[in-house]
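Below: the structure, in structure tokens.
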Amino acid sequence: MTRVAIVGVAGRMGRTLVSALEQDAGATLAGGIVEPGSSLAGADIGELAGVGKRGVTAVDSLAAIVDDFDVLIDFTAPQVTLANLAFCAEHGKRMVIGTTGMSDDELAQLDSYRDRVPMVFAPNMSVGVNLTLKLLETAARALGDEGYDIEVIEAHHRHKVDAPSGTAIKMGEVVAESLNRTLKEHGVFERVGQCGPRTDKEIGFATVRAGDIVGEHTVMFATEGERIEITHKASSRMTFAKGAVRAARWVAGQECGRYDMQDVLALNG
Ligand code: NAD
């Protein structure tokens with residue numbers, strides 16, 4: 001049985017992860033961490049998540065539960081995740097990281113732990129999205145440089161703080177790599193005013209933020225006479241949470257390294 005602690009347990013994903021762990025036969029809820037100084041420290045994690053008292057109390061530091069868990073699931077913010085990686089490296093723990101919105105510098109820092117921590121890092125933990133990435137690779141390879149304009153459109157709830165979503169960027173990267181392009185050179189993240197017509201090889205991104213949308217992504221391949229759209233719609237955070245718990249069980253048996261959901265789902269070749 002994999003003992004899992006959840007950092008950011010009072011957050012939207014944190015609470016959903018508690019429910020997902022409840023339903024999983026191979027992993028158990030070993031602890032939950034809230035922000036330092038939070039009034040929720042001391043609360044029962046089950047009650048926090050709305051699944052009823054579970055006898056596990058939220059704490060506001062990892063050190064307080066260091067002996068209780070094997071894998072830490074972290075859906076918080078970049079700097080918090082990096083601090084938790086340092087802790088896990090020091091104490092021989094494993095991590096599942098869902099945090100998005102990392103800068104290039106933060107990504108490099110995360111990567112520097114690959115020799116010290118077995119970690120799964122993915123901007124989207126849903127099985128459906130990871131299958132969609134495979135479909136995008138196939139579509140991009142088949143369509144090649146035959147005059148298809150590529151656009152990525154994503155929509156999320158009004159509270160999301162980063163844009164475009166980590167999933168949209170990942171989708172763009174998969175398509176770009178399949179076409180020997182890079183998002184640094186070909187990604188277009190803003191169009192406003194007299195920005196001129198689109199260029200052939202650019203990959204455009206558009207963002208919607210509204211209401212309670214859990215997460216929707218479409219990649220459009222459009223040319224004269226036809227348009228192909230590959231769409232994934234998440235209707236509940238449970239899809240991300242279940243994927244993260246599956247990743248926690250998987251990473252419990254892995255050597256140090258940086259893995260993604262394609263590895264967990266054995267979609268990497
Ligand atoms: P949220 O704001 O609801 O939750 C974040 C929680 O982290 C908050 O409760 C906050 O108090 C807590 N926190 C902040 N600093 C902390 C600290 N030092 N110690 C402990 N807890 C701390 O946000 P959310 O909607 O749950 O999303 C969190 C992150 O996960 C975002 O980056 C989001 O984009 C990402 N996300 C990823 C996936 C995926 O599948 N990979 C899916 C959904 C969301």
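None of these values were measured; they are calculated from a predicted model. Numbering of ligands and ligand atoms starts at 1, following listing order.
Rounded to the nearest 0.5 angstrom, L48 CG and T57 OG1 are separated by 10.0 Å.
No part of T167 comes within 4.0 Å of ligand 1, judged by heavy-atom distances. Only the backbone of P123 comes within contact range of ligand 1, with a heavy atom under 4.0 Å; no side-chain atom does. Residue A77 does not touch ligand 1, judged by heavy-atom distances below 4.0 Å. Counting heavy atoms closer than 4.0 Å to ligand 1, residue V80 contributes side-chain atoms (C-beta onward) but none from N, CA, C or O. Residue-level proximity to ligand 1 for H159 is absent, since no heavy atom of it falls below 4.0 angstrom.
Looking from atom 12 (C) of ligand 1 to the surrounding protein, the closest heavy atom is G8 CA, 3.8 Å. Atom 22 (C) of ligand 1 has E35 CG, 3.4 Å as its closest protein atom, hydrogens excluded (heavy atom only). M13 CG, 3.6 Å is the protein heavy atom nearest to atom 43 (C) of ligand 1. Nearest protein heavy-atom contact of atom 31 (C) of ligand 1 is T76 O, 3.8 Å. Here the protein heavy atom with the shortest distance to atom 8 (C) of ligand 1 is G11 CA, 4.0 Å.
Within the 4.5 Å cutoff, no side-chain heavy atoms of V175 are placed close to those of V152. With a 4.5 Å cut-off on side-chain heavy atoms, L17 and V9 do not count as touching. Residues V96 and W250 have side chains not in contact (no heavy-atom distance under 4.5 Å, counting atoms from C-beta outward). In this structure, the side chains of V188 and T199 stay at 4.5 Å or more apart for every pair of heavy atoms. M125 is not listed as a side-chain neighbour of R246, based on a closest heavy-atom distance of 4.5 Å or more.
Residue T100 places at least one N or O, backbone or side chain, under 3.5 Å from an N or O of ligand 1. Polar contact check, R12 against ligand 1: a nitrogen or oxygen pair lies under 3.5 Å apart. When only interatomic distances are considered, the shortest N/O to N/O separation between F75 and ligand 1 does not fall below 3.5 Å. Distances between N or O atoms of M125 and those of ligand 1 include at least one value under 3.5 Å. At under 3.5 Å, not a single nitrogen or oxygen of R237, backbone or side chain, sits near a nitrogen or oxygen of ligand 1. Between H157 and ligand 1, not a single N/O pair is under 3.5 Å apart. No N or O atom of F240 sits closer than 3.5 Å to an N or O atom of ligand 1. Taking any N or O of G98, backbone or side chain, at least one lies under 3.5 Å from an N or O belonging to ligand 1.
Every atom of ligand 1 is numbered from 1 in the order shown, and the set under 4.0 Å from a heavy atom of A122 is 41 (N). Every atom of ligand 1 with a heavy atom of V7 under 4.0 Å away is listed here by number and element: 20 (C). Close contacts of ligand 1 with A10, meaning ligand atoms under 4.0 Å from a residue heavy atom, involve 9 (O). Atoms of ligand 1 found under 4.0 Å from any heavy atom of K160 (numbered from 1 in listed order, with element): 34 (O).
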Identify all side-chain donor-acceptor contacts of residues 213-222 below 3.5 Å with residues at least two apart in sequence or on another chain.
{"from": "H217", "atom 1": "NE2", "to": "S165", "atom 2": "OG", "distance (Å)": "2.8"}
{"from": "T218", "atom 1": "OG1", "to": "T231", "atom 2": "OG1", "distance (Å)": "2.8"}

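Taking a 4.0 Å cut-off on heavy atoms, G101 fails to register as neighbouring ligand 1.
Between E202 and R191 there is a salt bridge, since at least one side-chain N of the basic residue sits less than 4.0 Å from a carboxylate O of the acidic one. Ion pairing of E255 with R94 is absent here, as no side-chain N (NZ or NE/NH1/NH2) approaches a carboxylate O to less than 4.0 Å. Checked for salt-bridge contact, D212 and R12 miss the test: no charged N lies under 4.0 Å from a carboxylate O.
At most 12 non-hydrogen atoms from other residues, nucleotides or ligands lie less than 6.0 angstrom from NZ of K170.
Scored by the ring pair (Phe, Tyr, Trp, His ring centres under 6.0 Å) test, Y148 finds no partners at all (sequence neighbours excluded).
By the 6.0 Å and 45° rule, K93 does not stack over the aromatic ring of F87.
Considering N84, I73, L110 in turn, N84 is the only one that fulfils the side-chain contact (heavy atoms from CB on, under 4.5 Å) rule with M95.
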